[in-house]
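Side chains are part of it too, since the values below use all heavy atoms of this structure and drop only hydrogens, waters and symmetry mates. We count residues from 1, following the sequence as given.
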Amino acid sequence: MNNILIIENDLDLLGKYSDVLKNSGYEVTAAFNSEIGINLALSTLPSLILCNTVLSNIDGFGVLSILSKNPSTTKIPFVFLNALSTPDIVKKGIACGADDFVTKPFQGDQLVRSVEGRINKNNNHPHNGTGLEKLFDLISQCKIRHIKKKQTLYYESDHSQWLYLLIEGCIKTLKLTDDGRQMITGLYKANSFIGLDTLLLDDPWLESAEATKDSSLYLISKSAIIDLLNEHVGLNQHFIKILSANLREKKDQLVELAYESVRKRLTQVLVRLNKNAVPIDQIDICRDELAGLAGIATETVSRILTDFRERGLIERNGSQIHIMDLGGLIKMKS
């Protein structure tokens, strides 16, 4: 059973969070200050740490800094609990290594969904499991490429000897239709591999890739990856799982484009994007990119988002979409 460590100096909230997670099947260890929390993290090695940003003596950012420098706790997922997740606070937390933010008061099952998502993601991380440690070592020795927002990573028909691992930022893959519209075929967030589908092929890229925000990527030699796969058969399962998930998502996208209404397609895109949103339930994407993912006109996206806002399903602030009622969106998707 997964053990969750909660570091929170408000005893009422500490009890509330503990009850919510225990009722969802988790073991919970509670700490009412930063010093106790740090000691418990080192002694119990929890599956995930939930920590308030505002603590006495050592704040949440200090707790994360200390635990991220300790080899025994550096790989434990760390989620901030915060009363107000402003862009500056989120940026600071991500820079420190936080995996997610959950804003208080929570909406519905936000806390449980964030915990489940981060634990599942950590279980599939490249440094977990037999043979995957070798992959992580290889990646850590690779060069890093930094690209600016709207800069192209590669063009359709280019050849490349690299497999990319996105460290931070966001990369979209796209194809242009005959009438010049963008069809977005993929949207990659941090810790995503880009180019797995061409790893064993000597074919050119079938789509272009462009940064939607300033991004950093590891450049991993395809030949080095293939050597590792030949040496450690267990690694193949890791990549097959990733490829299978990508294939399923693309299949769903094709079915949606062929058969679903524009409203339902946009709803499904929002639900998919929300799975990896940081902070949870807050999606950063412009209307044009939403249109490209859903295969509909930008003006249609605007009309549907306005309707969703009036129904209380979302809130919008520029490119920021805050999911207010995920359950309501899922019902519309179904």
Side-chain angles (χ1 to χ4, degrees), residues 2-3 41-42 44-49 64-79 94-100 116-147 153-154 158-171 173 186-203 205 209 215-249 275-276 278:
N2 290 308
N3 178 37
L42 294 170
T44 65
L45 299 180
S47 305
L48 180 142
I49 298 170
L64 175 55
S65 177
I66 291 170
L67 295 179
S68 64
K69 293 174 182 175
N70 190 298
S72 62
T73 54
T74 186
K75 297 175 183 177
I76 298 175
F78 195 101
V79 176
I94 297 302
C96 293
D99 294 277
D100 200 358
E116 289 177 348
R118 298 307 145 185
I119 288 178
N120 290 337
K121 190 172 184 179
N122 190 62
N123 288 339
N124 290 321
H125 196 278
H127 60 236
N128 292 328
T130 305
L132 294 175
E133 191 70 40
K134 294 286 187 179
L135 175 62
F136 184 71
D137 289 341
L138 170 64
I139 293 171
S140 66
Q141 299 171 36
C142 293
K143 293 181 179 179
I144 296 176
R145 179 179 174 185
H146 305 282
I147 60 175
L153 177 63
Y154 57 78
D158 283 351
H159 283 80
S160 175
Q161 296 304 311
W162 304 111
L163 175 69
Y164 301 99
L165 175 61
L166 186 60
I167 307 169
E168 60 179 349
C170 183
I171 300 291
T173 52
L187 201 62
Y188 297 87
K189 300 289 187 177
N191 295 321
S192 298
F193 285 104
I194 303 173
L196 275 179
D197 51 345
T198 63
L199 180 61
L200 298 178
L201 305 174
D202 193 27
D203 295 339
W205 296 112
S215 302
S216 301
L217 309 97
Y218 280 114
L219 275 63
I220 314 165
S221 166
K222 286 185 177 180
S223 59
I225 289 288
I226 292 172
D227 288 343
L228 271 184
L229 291 175
N230 291 331
E231 182 180 353
H232 300 280
V233 179
L235 284 177
N236 292 274
Q237 294 182 1
H238 178 71
F239 285 121
I240 288 172
K241 287 181 181 178
I242 297 173
L243 284 169
S244 298
N246 291 344
L247 182 61
R248 181 185 303 162
E249 184 171 320
K275 289 180 180 179
N276 295 314
V278 178

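The shortest heavy-atom contact between Ala41 and Pro46 is O-CD, 3.6 Å. Summarising the geometry of Ser47 relative to Pro77, their closest heavy-atom pair is O-CD, 3.2 Å, with the distance given to 0.1 Å. The shortest non-hydrogen separation linking Ser215 to Cys170 is OG-N, 3.1 Å. Shortest non-hydrogen contact noted between His232 and Asn236 is O-ND2, 3.8 Å. Closest non-hydrogen pair, Cys142 versus Leu219, comes out as CB-O, 3.3 Å.
Interatomic distance, Leu42 CG to Thr73 OG1, rounded to the nearest 0.5 Å: 5.5 Å. Taking CG from Leu48 and CD1 from Ile119, the interatomic distance works out to 5.0 Å, rounded to the nearest 0.5 Å. Within the model, atoms NE2 of His238 and CG of Leu135 stand 6.5 Å from one another, a figure rounded to the nearest 0.5 Å. In this structure, CD in Glu168 is found 9.0 Å from CD1 in Ile144, a value given to the nearest 0.5 Å. Distance check: Leu45 CG to Asn3 CG gives 10.0 Å after rounding to the nearest 0.5 Å. In this structure, CG in Leu166 is found 5.5 Å from CD1 in Ile171, a value given to the nearest 0.5 Å.
Residues meeting the salt bridge (Lys or Arg N to Asp or Glu O under 4.0 Å) test with Asp99, sequence neighbours left out: none. Scored by the ring pair (Phe, Tyr, Trp, His ring centres under 6.0 Å) test, Phe78 finds Phe80 as partners (sequence neighbours excluded). Residues satisfying the side chain to side chain donor-acceptor pair (under 3.5 Å) criterion with Ser223, sequence neighbours excluded, are Ser221. With sequence neighbours left out, Thr44 forms a side chain to side chain donor-acceptor pair (under 3.5 Å) with no residue at all. Remark: Trp162 engages no residue in a ring pair (Phe, Tyr, Trp, His ring centres under 6.0 Å) (not counting sequence neighbours). Remark: Glu116 engages no residue in a side chain to side chain donor-acceptor pair (under 3.5 Å) (not counting sequence neighbours).
Within the 4.5 Å cutoff, no side-chain heavy atoms of Asp197 are placed close to those of Asn246.
Under the 30°/60° scheme for interplanar angles, the aromatic rings of Phe193 and Phe239 are found to stand perpendicular.
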Can you list the steps and then say if Ile225 with Leu199 is a side chain to side chain contact (heavy atoms under 4.5 Å, CB included)? CA-CA 9 Å; Ile225 289 288; Leu199 180 61; 3.7 Å; yes
Go through the steps to decide whether Leu138 and Ile220 satisfy the test side chain to side chain contact (heavy atoms under 4.5 Å, CB included), and finish with yes or no. CA-CA 8 Å; Leu138 170 64; Ile220 314 165; 4.1 Å; yes
With side chain to side chain contact (heavy atoms under 4.5 Å, CB included) as the test, would you mind laying out the steps for Ile76 and Leu67 before giving the verdict? CA-CA 9 Å; Ile76 298 175; Leu67 295 179; over 6 Å; no
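Remark: the backbone N or O of Thr198 is not paired with any side-chain donor or acceptor of Asp203 at under 3.5 angstrom. Between the side chain of Thr74 and the backbone N or O of Pro71 there is no donor-acceptor pair closer than 3.5 Å.
By the neighbour-count criterion of 12 heavy atoms within 6.0 Å, atom NZ of Lys222 is densely surrounded, having more than that number from other residues, nucleotides or ligands.
Across Leu153, Thr173, Leu217, a single residue satisfies side chain to side chain contact (heavy atoms under 4.5 Å, CB included) together with Tyr188, and that is Thr173.
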